[in-house]
Peer 1: 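Pasting a structure here, questions to come.
What you see is a predicted model; the values in this text were computed from it and never measured. FYI, side chains are in, hydrogens and waters are out, and symmetry mates aren't considered; it's all heavy atoms of this structure. In this chain, residues are counted from 1 in sequence order.
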Amino acid sequence: MIRPHARRRISPSFFVVLTFVAGFLLYLAVPNVMPVIRAAGADGTPGVFTAERLDCVHHGTHEQCTWLGEFRADNGERREVSLYGSDRGTLHAEQRIRAFDVGRSSRVYGSGGSNEWVFTALLLVAGLSLFIYAARRLIVWSMHSDGSAVG
């Protein structure tokens with residue numbers, strides 16, 4: 001006779017910690033939902049970005065660069081920002097391109113938009129999934145005082 005596998009009991013503390021991890025992922029994702037949606041659709045305050053200097057960080061053999069410069073909105077507002085998605089070969093000093101501001105204080109986006117929404121969506125889905133899973137397990141555990149339903 002084949003004996004069914006016994007379910008291993010997992011402490012409810014594990015699911016409490018899992019709930020906190022889920023909450024942290026949601027804390028990272030939720031405030032970015034609207035800006036990344038606006039950035040993906042190139043929906044923001046239009047203006048002109050003027051490249052001033054290239055800022056590069058070296059990671060061993062890999063180099064990551066971003067152009068820093070001035071964004072002048074069509075309404076006249078000016079500020080120092082970086083251009084999302086720019087790198088060494090994208091622009092040259094003093095070059096001007098159309099850009100848009102989605103409400104982020106230090107970054108503007110080119111007319112091609114952004115794919116930042118992908119990472120934010122993954123964080124959101126992971127956070128919600130972990131939260132729902134952990135909450136369901138904690139509810140089941142609380143309904144069974146010996147905790148035997150959790151596994």
Peer 1: When you group the ILVMFWY residues by side-chain heavy-atom contacts below 4.5 Å and let the links chain together, are V33 and L123 in the same group?
Peer 2: no
Peer 1: For the residue pair V108 and F49, what are the closest heavy atoms and their distance?
Peer 2: CG2-CD1, 4.0 Å
Peer 1: What's the separation between atom CZ in R88 and atom OG1 in T66, rounded to the nearest 0.5 Å?
Peer 2: 11.5 Å
Peer 1: Check which hydrophobic residues are tied to L68 through side-chain heavy-atom contacts below 4.5 Å, counting indirect links as well, and list them.
Peer 2: none
Peer 1: Begin with the C-alpha distance, continue with both residues' side-chain angles, and end with the deciding distance and a verdict on side chain to side chain contact (heavy atoms under 4.5 Å, CB included) for N115 and Y84.
Peer 2: CA-CA 10 Å; N115 59 1; Y84 171 82; 2.7 Å; yes
Peer 1: Are any side-chain N or O atoms of S129 and backbone N or O atoms of A126, one a donor and one an acceptor, separated by less than 3.5 Å?
Peer 2: no
Peer 1: Are V16 and F14 co-members of a hydrophobic cluster defined by side-chain heavy atoms under 4.5 Å apart?
Peer 2: yes
Peer 1: Determine whether more than 12 heavy atoms belonging to other residues, nucleotides or ligands lie under 6.0 Å from atom CZ of R79.
Peer 2: yes
Peer 1: Nearest 0.5 angstrom please: L54 CG to T90 OG1, how far?
Peer 2: 9.0 Å
Peer 1: More than 12 heavy atoms of other residues, nucleotides or ligands under 6.0 Å from CZ of R98: is that the case?
Peer 2: yes
Peer 1: Is the shortest heavy-atom distance from the side chain of L26 to the side chain of L128 under 4.5 Å?
Peer 2: yes
Peer 1: Mind listing the closest non-hydrogen atom pair of A73 and T45 along with its distance?
Peer 2: CB-CG2, 3.9 Å
Peer 1: Any chance you could measure E80, atom CD, to S105, atom OG, to the nearest 0.5 Å?
Peer 2: 13.0 Å
Peer 1: Does the pair R72/E70 count as a salt bridge with the N-to-O cut at 4.0 Å?
Peer 2: no
Peer 1: Using the rule given for side chain to side chain contact (heavy atoms under 4.5 Å, CB included), can you reason through L124 versus V30, listing the C-alpha separation, both sets of side-chain angles and the distance that settles it, and then say yes or no?
Peer 2: CA-CA 7 Å; L124 194 59; V30 170; 4.0 Å; yes
Peer 1: Provide the closest heavy-atom pair for A42 versus S111 in the form atom of the first, atom of the second, distance.
Peer 2: CB-O, 3.9 Å
Peer 1: With side chain to side chain contact (heavy atoms under 4.5 Å, CB included) as the criterion, how do T19 and F131 come out once you've worked through the C-alpha distance, each side chain's angles and the decisive distance to 0.1 Å?
Peer 2: CA-CA 5 Å; T19 302; F131 182 79; 3.7 Å; yes
Peer 1: Given the rule that I, L, V, M, F, W and Y join up when any side-chain heavy atoms are under 4.5 Å apart, are L28 and L18 in one cluster?
Peer 2: yes
Peer 1: Does I132 share a hydrophobic cluster with L122, counting links as ILVMFWY side-chain heavy atoms below 4.5 Å and allowing steps through other members?
Peer 2: no
Peer 1: Examine L83 and V48 and state if one hydrophobic cluster contains both, with Ile, Leu, Val, Met, Phe, Trp and Tyr joined whenever side-chain heavy atoms are less than 4.5 Å apart.
Peer 2: no
Peer 1: Output, in order, the C-alpha distance, side-chain angles, deciding distance and verdict of side-chain hydrogen bond (donor to acceptor under 3.5 Å, both in side chains) for R38 and Y109.
Peer 2: CA-CA 10 Å; R38 292 184 73 202; Y109 297 82; over 6 Å; no
Peer 1: Check the pair E94, T50 against side chain to side chain contact (heavy atoms under 4.5 Å, CB included), reporting the backbone distance first and the verdict last.
Peer 2: CA-CA 6 Å; E94 301 306 317; T50 303; 4.2 Å; yes
Peer 1: Rounded to the nearest 0.5 Å, what separation is found between the OG1 atom of T61 and the CD atom of E63?
Peer 2: 11.0 Å
Peer 1: Which heavy atom of A40 sits nearest to which heavy atom of W117, and what is that distance?
Peer 2: CB-CD1, 3.7 Å
Peer 1: Backbone N or O of W67 within a donor-acceptor pair of the S86 side chain at under 3.5 Å?
Peer 2: yes
Peer 1: Is there a donor-acceptor contact under 3.5 Å from the side chain of S82 to the main chain of S106?
Peer 2: yes
